[in-house]
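Only one structure is covered here, and it is reproduced in the block below.
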Amino acid sequence: RPFLSGPKQGELRCFKDTMYHKEKSIQIKNSASALYNNLSVLRIAPRRLTYFTVVHANVVNTVSASWDGLNYSHRQLQSKEPNVATSTSLIMQAAFCVLPSRDLLVVSSQKGIQMYESDGSIMVYWHALDTPEAPTAQAVFARGISAVSDNYICVGVSSGAVLVFDIPSKGSNITLSEVLEEHKEAITDIASECSGSQECLANLVTADDGGNMCVWKSGEEFQLLNKIPGLDITCSSVKLWKGTVLAGYGTGQIRLYEAVTGILHAEVNAHARWIYSLDIAPFSGLLLSAAEDSFVRVWHVSMTPETNSVEIAHLHNECVTDTQICGAKFCDGDGYAFAVTGYDLSEIIRYIQS
Amino acid sequence: MSFFVIDRTRHGLISDSHVMNDIITTMFNKKFLEELFKPQELYSKKALRTVFDRLAHASIMRLNQASMDKLYDLMTMAFKYQVLLCPRPKDILLVSFNHMDAIKDFVKDTPSILSQVDETYQQLIEMYTPLSNGEFQLIRQTLLIFFQDMHIRVSIFLKDKVQNSNGRFVLPISGPVPRGTQVPGLIRIFSCAGEELTRLQFKNGGNYSSALREGSFELFGDRVTKLGTNMYSVSRPVETHMSGASKSSAQHTKVNAAPNPLAKEELNLLARLMGGLEVQKPGSTDNGFRVNLFATDEEEEEALISRPDELSYGVINIQATKDQQTNAELAKIMGEFTESGDQSPSASSKGDDLLAMMDGL
């Protein structure tokens, strides 16, 4: 299949306007809620399936789609404590976490964090947040989910804390290993190094409501390597690729920083409204950005290690008419296909390279 | 709702100017506002509709179920529009200030209500201006959950082309960008030393212009945004359409229809809110006058019968009377929300508390 490899700027530009076209949408049981990063995708090549998950209020919609387009199977999960029949709370995010030995579906809500087997069939772990008796002015919730290294899953909290969970290769003996307390504002998103390279010093970035970012190295004790201060503008979505932090902001800007030094490589006036989602295709360096302005944009990020330079070029636009987009993810590591969700939309829209 | 009442008053359909004053007096009742300003969970649709009903009936204005439904639909769709279209999350505060400015104008000749409105202004400013953009976005996202899947078509929006025939709002990809945002199109690449190396332009696919000036977050000032201002200022008929709503996405969430396990808390909250809302005792129904949102009585009746099930709000009838029957009704509602098998004493005492509070009204 067509494959964008070995980036030469001229080669890529000629694909611009017809680079992707719309494919058949997947219907979901509920409409998507307006939440950051409200789409997660898990590709299961051996079974020729892709899982998608979208949050609606206090429900997680998961759909498993076969690659031949013939079979769709749906499941809904609610955010509730085990053994308490009726408590539910609003869900902030649901995301697949891929570890060498297992894949988990992590759901973060106002009450706590749930971890399920990736098909949503069994809940393997529940962690309750310290919620006050009566509602307080300060909202309490968990948001920001990422697997990191071989055995950790990190989840952010509204207080600014980042919870680090130690995940065994199988079973439910998951434990809270550490609590990272560097952020003072609510965590928005967390990302781990996804290039597959073992050489990167930093392998985790955490972002908050004020746009501040912390760069970490995972381990028995996580090490803080760098802090990149924000400008009081929310960083709603963040990615880490080949040592570069890619961040999307409430002002519609995308910025690329060198993770360990905080050097600003590039700044893009990318969107006219709040960015809700960024994703990177690690094999090709394609970047996907989506915002409330109804646009999904595809970019190409290239690095020249000799000069330590990072560049970003614009490739393609898709406008989802009258829709505030809340989730956008590539469906594969090359960026051959991507999927999009929008507030009030009961479908997952898909695009594929022409 | 206030804008609607004023519009109808001007058209001579509501002949009593006290209606406006009564509604506003009730809405700005100190006890009611105290409850409103407390940190709390998002209301269920049922709860909000109940509060709205009580507010609407705080004056001698009386509406039938169908007209009430229509007024409520109008209000919720207008509010959804305002929250959705806010260019920046903190603009929802500017929208609230537009609402407040208009209310102040309505009651400028009544000093007692005016001082209450001013005090509320101060509370809004104190509570909300310190919030960060991220916190406002969280508020906005939570409000958008409430409005999710509502696609009732409103004539005034259809005519102005801000709503499509499928009930979804038009989101323009043109016009000024929000304050703090740049028009999309520029890529800047920097050297490690921080110098700009390259500038590239890309086509943004829209037709944007630079941001307008900042709106005022003070007690007085130009809010700049038109969201939240009187949508009836240009005179035209207002209708809502039900048929379109049932045709559009049939995937209405069933989540809200299931008994809300937090309803006990909610009923308590409602009771406290109602405690602050004094109901006009019409004495005899002759004193109240009916407002019909439809062209004829027959149309109104027809609208009620043909309203799709998923759009009936199932209003909780909480009346401030010492009626035996009403108390029994309330106790029954409380009983419905208690989990089956939960015979703990606390369940019944919460019900008793609620009834005692209602009795005290």
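To find a chain, count down the sequence lines: A is the first, B the second, and so on, and within it residues start at 1. Worth knowing before you read on, the calculation uses all heavy atoms, side chains too, and leaves out hydrogens, waters and symmetry mates.
For A:Ala186, no part lies near chain B; criterion is any non-hydrogen pair under 4.5 Å. Only the side chain of A:Phe141 comes within less than 4.5 Å of a heavy atom in chain B; its backbone stays farther off. Neither the backbone nor the side chain of B:Glu196 comes within less than 4.5 Å of any heavy atom of chain A. For A:Tyr276, the part lying near chain B is the side chain, with the backbone staying farther off; criterion is any non-hydrogen pair under 4.5 Å. With a threshold of 4.5 angstrom between heavy atoms, B:Val177 approaches chain A through its backbone and through its side chain. With a 4.5 angstrom heavy-atom cutoff, B:Ile173 touches chain A only via side-chain atoms. For B:Thr142, the part lying near chain A is the side chain, with the backbone staying farther off; criterion is any non-hydrogen pair under 4.5 Å. Only the side chain of A:Gln138 comes within contact range of chain B, with heavy atoms under 4.5 Å apart. Of the two parts of B:Leu138, only the side chain, counted from C-beta on, holds a non-hydrogen atom closer than 4.5 Å to a non-hydrogen atom of chain A. For a residue to count as touching a neighbouring chain, one of its non-hydrogen atoms must lie under 4.5 Å from one of that chain's; by this rule A:Thr188 does not touch chain B. For B:Phe169, the part lying under 4.5 angstrom from a heavy atom of chain A is the backbone only. For A:Ser33, the parts sitting under 4.5 Å from any heavy atom of chain B are the backbone and the side chain alike.
If you check the side chains of A:Asn317 and B:Asn204, you find no donor sitting under 3.5 Å from an acceptor.
At least one donor-acceptor pair under 3.5 Å links the side chain of B:Gln148 to the backbone N or O of A:Ser31. Using modelled atom types, one side-chain atom of A:Asp322 and one backbone atom of B:Leu171 make a donor-acceptor pair closer than 3.5 Å. A donor-acceptor pair under 3.5 Å is formed between the side chain of B:Thr181 and the backbone N or O of A:Thr251. The backbone N or O of B:Leu144 lies less than 3.5 Å from a partner atom in the side chain of A:Tyr343, making a donor-acceptor pair.
Residue pairs satisfying the salt bridge (Lys or Arg N to Asp or Glu O under 4.0 Å) criterion with at least one member in residues 173-186 of chain B, sequence neighbours excluded, are absent.
Taking the ring-ring contact (aromatic ring centres under 6.0 Å, His included) definition, one finds that B:Phe79 meets it with B:Phe147, sequence neighbours left out. Residues that satisfy the ring-ring contact (aromatic ring centres under 6.0 Å, His included) test with A:Tyr351, not counting sequence neighbours, are A:Phe338.
Heavy-atom pairs under 4.5 Å with chain B were tallied for A:Ile263, A:Ile233, A:Leu256, A:Val310; the largest tally goes to A:Ile263. Each of A:Asp208, A:Asp209, A:Thr321 has some count of heavy-atom pairs under 4.5 Å with chain B, and the biggest count is that of A:Asp209. Heavy-atom pairs under 4.5 Å with chain B peak, among A:Gln324, A:His271, A:Glu185, at A:Gln324. Of the residues considered (A:Leu264, A:Thr234, A:Leu345), A:Leu264 shows the highest number of contacts with chain B, using heavy-atom pairs under 4.5 Å.
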### Task
Go through A:His265 and B:Ile189 one step at a time and tell me if the side-chain contact (heavy atoms from CB on, under 4.5 Å) criterion holds.
CA-CA 6 Å; A:His265 284 304; B:Ile189 312 285; over 6 Å; no
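Between atom OG1 of residue A:Thr323 and atom CZ of residue B:Arg168 there is a gap of 7.0 Å, rounded to the nearest 0.5 Å. Between the CG atom in B:Leu200 and the CD atom in A:Glu311 there is a gap of 7.5 Å [rounded to 0.5 Å].
A salt bridge does not link B:Arg88 with A:Glu292: none of the charged nitrogens is closer than 4.0 Å to a carboxylate oxygen.
Nearest approach of A:Arg297 to B:Pro184, heavy atoms of both residues: NH2-CB, 4.1 Å.
Taking non-hydrogen atoms and a 4.5 Å limit, the residue list of residues 123-134 of chain B in contact with chain A, ordered by number, reads B:Asn133, B:Gly134.
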